[in-house]
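In each ligand, atom 1 is the first atom listed, and ligand 1 is the first ligand listed. It should be emphasised that the depicted structure is a prediction, and the values quoted were computed from it without experimental measurement.
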Amino acid sequence: MSTHATSPSQDLLDRYERSLIPVFGTPQLVLERGEGAWVWDVDGRRYLDLVGGIAVNALGHNHPALVAAVSKQVGEMAHISNFFTSRVQVELAERILAIAAAPEGSGVFFANSGAEAIEAAIKLSRRTGRTGIVAAEGAFHGRTTGALALTHKAAYREPFAPLLDGVSHVPFNDIEALRAAVGSSTAAVVLEPVQGEAGAVVADPAYLRAAREITTAAGALLVIDEVQSGVGRTGDWFGHTASGIVPDAITLAKGLGGGLPIGALVTFGSDVTGLLTAGQHGSTFGGNPLVAAAALSVLSTIEVDGLLAHVTQMGEHLASSVAALEHPDVVEVRGRGLLRAVVLRSELSAAVTVAARDAGFLVNPVAPDAIRLVPPLTISRDELDLFVTALPSLIATAKEPAP
Ligand SMILES: *Cc1c(COP(=O)(O)O)cnc(C)c1O
């Protein structure tokens, strides 16, 4: 019963509305295919993808290395359960420990998402015999009930209260507030090196070093949530790398699988790794051969193609070229590497996002005054320049009174 009066997009959006639980609201577009940093909708319109699946499509769309690795693996075996292991799973764990510079005795647990990696970290922290968790204001750690307790935004948490007990939130980047909140009942402090959902707010390296010192003194774990900031996103392998700290655990997901769903908890050193023993945690899909092959191809492409240096250069280029616009409505470009937000002087981000989409750019209005840009790590200077050049006209369109 297709109607000829509506476009393919409108038809699918109508059917979406009648068949999906509306937690995401109305989708902005119906997308069909992608190539590099570009995507096409079902009506044939092309967009420069500066959202990258929310910091997931690290290699962009349809990257030949990812396509080859996943195609080969699905033709051999996709899934085997964690009663068994595979060469790709073992190689991926070794590779993650190597890039994390994790000491002897460290280990990896594979999950399927960021929230599940956080759940594993929460369970790890319970094995200290303590139950307190300190997280930061502005934090986002996921939507499952455990992870949600650590997420700060009241609108996400309150409909589901009561959540996990013992969680407190302290102002981000405030060393004394953290020191005051951590004590003998604290199992873990959980922090993001860059708060992506808060609009690319960067942790001071001194704050992360203080967090390390405070948690060590209190006998609590320091868990760094690298779900968004990890795997090259900041121009280092991990967001905490620049601070020089050795955390007790990190969580990974988003960019790790380049679009295939994989998460990971990495524990540092044998004391922490030994907190979780046989039978205490598990996952049916976690780290199956298909996603492990995908993640291995992401990590080796980042290395072989020199993407860490590229990300640093592109991030600096984006920030400096937006600054060079000297636009009166733009405050700054916040963040590191390609985890960025254009901060606006007023609450224009939703309107700029609509104007951007109409002009062929996908961006994310992460806060009323901030537009998040988390494009593929492979994006080129010319592609970024297309957006920067268009930005003044997008802002002008956003400021036009509604017709
Ligand atoms: C996205 C995100 C999560 C949750 O990941 P999901 O895969 O959506 O469950 C957790 N922590 C951070 C820092 C994130 O950005």
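- In the vicinity of D225, heavy-atom distances shorter than 4.0 Å reach the ligand 1 atoms 10 (C), 11 (N), 12 (C), 13 (C).
- Taking only nitrogen or oxygen atoms, main chain and side chain alike, E197 does not reach within less than 3.5 Å of ligand 1.
- In terms of N/O distances under 3.5 Å, ligand 1 is approached by F140.
- Checked by atom type and distance alone, the side chain of E158 never pairs as donor or acceptor with a backbone atom of K153 at under 3.5 Å.
- In this structure, the side chain of E197 does not engage the main chain of G138 through any donor-acceptor pair within 3.5 Å.
- Near S113, with a cut-off below 4.0 Å to any heavy atom, the atoms of ligand 1 are 7 (O), 9 (O).
- The number of heavy-atom neighbours closer than 6.0 Å to CZ of R209, taken from other residues, nucleotides and ligands shown, is above 12.
- Close contacts of ligand 1 with K254, meaning ligand atoms under 4.0 Å from a residue heavy atom, involve 1 (C), 2 (C), 3 (C), 14 (C), 15 (O).
- Shown in contact with A115 at under 4.0 Å from a heavy atom are these atoms of ligand 1, numbered in order with element: 4 (C), 5 (O), 6 (P), 9 (O).
- Ring geometry for F109 against H281 counts as tilted: the plane angle lies between 30° and 60°, on a 0 to 90° scale.
- Figure legend: cation-pi geometry between R357 and Y47 absent, as NZ or CZ is not positioned both under 6.0 Å from the six-membered ring centre and within 45° of its axis.
- Taking only nitrogen or oxygen atoms, main chain and side chain alike, G114 reaches within less than 3.5 Å of ligand 1.
- The presence of a protein heavy atom under 4.0 Å from atom 9 (O) of ligand 1 is confirmed.
- Between H152 and H169, the angle of the ring planes lies from 30° to 60°, which puts this pair in the tilted group.
- Residue G142 has at least one heavy-atom neighbour below 4.0 Å for each of these atoms of ligand 1: 4 (C), 10 (C).
- Heavy-atom contacts from other residues, nucleotides or ligands closer than 6.0 Å to CD of E17 number 12 or fewer.
- At a 3.5 angstrom cut-off on N or O pairs, E192 does not count as close to ligand 1.
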